[in-house]
Asker: 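Pasting a structure here, questions to come.
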Amino acid sequence: MRENTGTEGTALKDNAPGEAAPGESVLDEPAVADAARGRAVEHELRQRSPQGPDKVPPSAGLRLLAVHAHPDDESSKGAAMMAAYVQAGARVMVATATGGERGDLLNPAAAEIQQCHRDLPGVRRLEMQTAAEALGIEHVWLGFIDSGLPEGDPLPPLPAGSFATLDLEQAAAPLVRLIRHFRPHVITCYDESGGYPHPDHIMSHRITMEAYHAAGDPQRYPGTGEPWQPQKLYYDRAFNPARFRAVHEALLEAGFESPYTERLAWLDGDERPEWMVDHEVTTQIPVGDYLEKRDAALRAHRTQVEPEGFFFATPNDFLRRVWPYDDFVLAHSRVETQTPEYDLFAGLR
């Protein structure tokens, strides 16, 4: 896929009678029109460009915890944000609920890795380590077993003992312990739909809500450490339809093909799924300088992410001009803040 700058293809042609003096050349009129269109698109993109800051503030002494369901989720949702805060001096930790034991080999090219066929969970753990190093984050496993994504009508029961089948307090206890040990000021997680309705994503949301509200209460979860109260909770909005739409329109106007056409048709169609929720984005974190770190983390998950797949369909330089943010929804705050925000630690500094 190649960008059409609007000036590419501008050419000289021999002048026709009456168009120029003998021996002279004139610009091809369609090419002139293309150049003008290119300048108009550039102007519109500049006008559309986000108006917030281009970097997060210095963040030494602040701590962020992101809760995810499986290895690779941290790299497809908020990865650039985490890299930005690490660079700004914050401590950033990812808690991964399960080992992704029931995940499939989603990148066919990874089939050449022999270990995938005898120990895919082991490979995914190594991938997670590489992704964490790419982002500069700390990482812990909560130790639960992947529930898998059930299919069929009716849906089959989830495997006994898997993450999504557990009692809420049983599943939340390790996260409460982690919060009381790591003492995060801010926590991020999925919304009540899970971002999409994978049982482990929904359970990750549930245990995060439980732990966020319980970790500061000395009467709850005894034996899991000294109470600690996080101050802000955010929902990740990686699949923000407004972002898809803005990037889609800008891609078309700039002469690109858009990878979002089918997704937007689905989002805007009559068969919009009942589980999909609409949370207004309140907080946009500037991540333009960290998109390559996000890409490195995604590519670390080779068994799950195709290196030429959807996540890499839009050039980073283009994203930096159109939507250089990771999007979040402020779900709960114990400190005073005003939206829109451009900093997850707003009100805490």
Side-chain angles (χ1 to χ4, degrees), residues 1-10 30-55 75-81 84 191 193 195-196 234-273 275-295 298 305-330 339-342:
M1 187 167 59
R2 191 161 54 94
E3 183 174 3
N4 176 6
T5 63
T7 57
E8 186 177 53
T10 299
V32 172
D34 286 346
R37 177 180 176 274
R39 288 192 295 271
V41 168
E42 289 290 332
H43 175 73
E44 182 175 343
L45 289 177
R46 285 194 298 271
Q47 293 296 108
R48 182 186 291 166
S49 294
Q51 302 301 309
D54 60 2
K55 297 183 184 300
S75 295
S76 60
K77 306 168 188 68
M81 172 277 291
D191 64 27
S193 75
Y196 74 99
Y234 288 91
Y235 295 157
D236 174 89
R237 197 72 167 126
F239 302 125
N240 178 10
R243 174 182 177 273
F244 292 149
R245 190 166 287 106
V247 176
H248 168 80
E249 292 174 356
L251 282 167
L252 296 181
E253 291 164 3
F256 283 102
E257 294 180 4
S258 171
Y260 302 105
T261 302
E262 291 185 7
R263 178 165 295 203
L264 286 171
W266 176 68
L267 288 171
D268 296 336
D270 296 332
E271 298 183 2
R272 181 184 174 92
W275 56 260
M276 188 171 291
V277 295
D278 288 317
H279 288 295
E280 182 180 356
V281 170
T282 62
T283 309
Q284 294 187 298
I285 306 305
V287 298
D289 293 340
Y290 300 94
L291 297 176
E292 284 72 25
K293 286 186 177 291
R294 175 208 63 184
D295 290 352
L298 279 166
V305 177
E306 293 190 58
E308 304 302 327
F310 175 81
F311 290 112
F312 311 104
T314 306
N316 285 341
D317 284 344
F318 194 89
L319 286 175
R320 278 185 267 269
R321 291 157 51 200
V322 177
W323 203 281
Y325 292 133
D326 277 349
D327 300 331
F328 294 88
V329 177
L330 179 60
T339 59
E341 299 176 320
Y342 297 95

Asker: Where is the tightest heavy-atom contact between T314 and P259, given as atom of each residue plus distance?
Answerer: OG1-CG, 4.1 Å

Asker: Between T282 (side chain) and L330 (backbone), is there a donor-acceptor pair under 3.5 Å?
Answerer: yes

Asker: What are the two closest non-hydrogen atoms of P53 and P286, and how far apart are they?
Answerer: O-CB, 3.2 Å

Asker: What distance do N240 atom CG and R245 atom CZ have between them, rounded to the nearest 0.5 Å?
Answerer: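 Atom-to-atom, N240:CG and R245:CZ are 9.5 Å apart.
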
Asker: S75 versus F311: any side-chain heavy-atom pair under 4.5 Å?
Answerer: no

Asker: Any chance you could measure E253, atom CD, to H248, atom NE2, to the nearest 0.5 Å?
Answerer: 9.5 Å

Asker: Is a salt bridge present between D326 and R294, judged by a nitrogen-to-oxygen distance below 4.0 Å?
Answerer: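 No, no charged N to carboxylate O under 4.0 Å.
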
Asker: Could you tell me whether F239 and Y196 have their ring centroids closer than 6.0 angstrom?
Answerer: no

Asker: Ignoring hydrogens, what is the shortest heavy-atom contact between A238 and R243? Give both atom names and the distance.
Answerer: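 Answer, listing the atom of A238 first, then R243: O-NH1, 4.5 Å.
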
Asker: Could you grab the distance from atom CZ of F318 to atom CG of L251, nearest 0.5 Å is fine?
Answerer: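 Rounded to the nearest 0.5 Å, the CZ-CG separation comes out at 4.0 Å.
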
Asker: State, to 0.1 Å, how close Y325 and V287 come at their nearest heavy-atom pair, and which atoms those are.
Answerer: C-CG2, 3.8 Å

Asker: Can you name the nearest heavy-atom pair linking A80 to L291, along with the distance?
Answerer: CB-CD2, 4.3 Å

Asker: List in chain and number order the residues that pass side chain to side chain donor-acceptor pair (under 3.5 Å) with E292, two or more places apart in sequence or in another chain; answer none if no residue qualifies.
Answerer: N316, R320

Asker: How would you list, by chain and number, every residue that makes a side chain to side chain donor-acceptor pair (under 3.5 Å) with S193, sequence neighbours excluded?
Answerer: D191

Asker: Quick check for you: to the nearest 0.5 Å, what is the distance between R237 atom CZ and Q284 atom CD?
Answerer: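 Going from the CZ atom of R237 to the CD atom of Q284 covers 12.0 Å.
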
Asker: In chain order, what residues pass the ring-ring contact (aromatic ring centres under 6.0 Å, His included) check against F310, with sequence neighbours excluded?
Answerer: Y260

Asker: Check T283 against E341 and note the closest heavy-atom contact, atom names and distance.
Answerer: OG1-OE1, 2.6 Å

Asker: Mind telling me whether Y234 and F328 have parallel, tilted or perpendicular rings, with 30° and 60° as the class edges?
Answerer: perpendicular

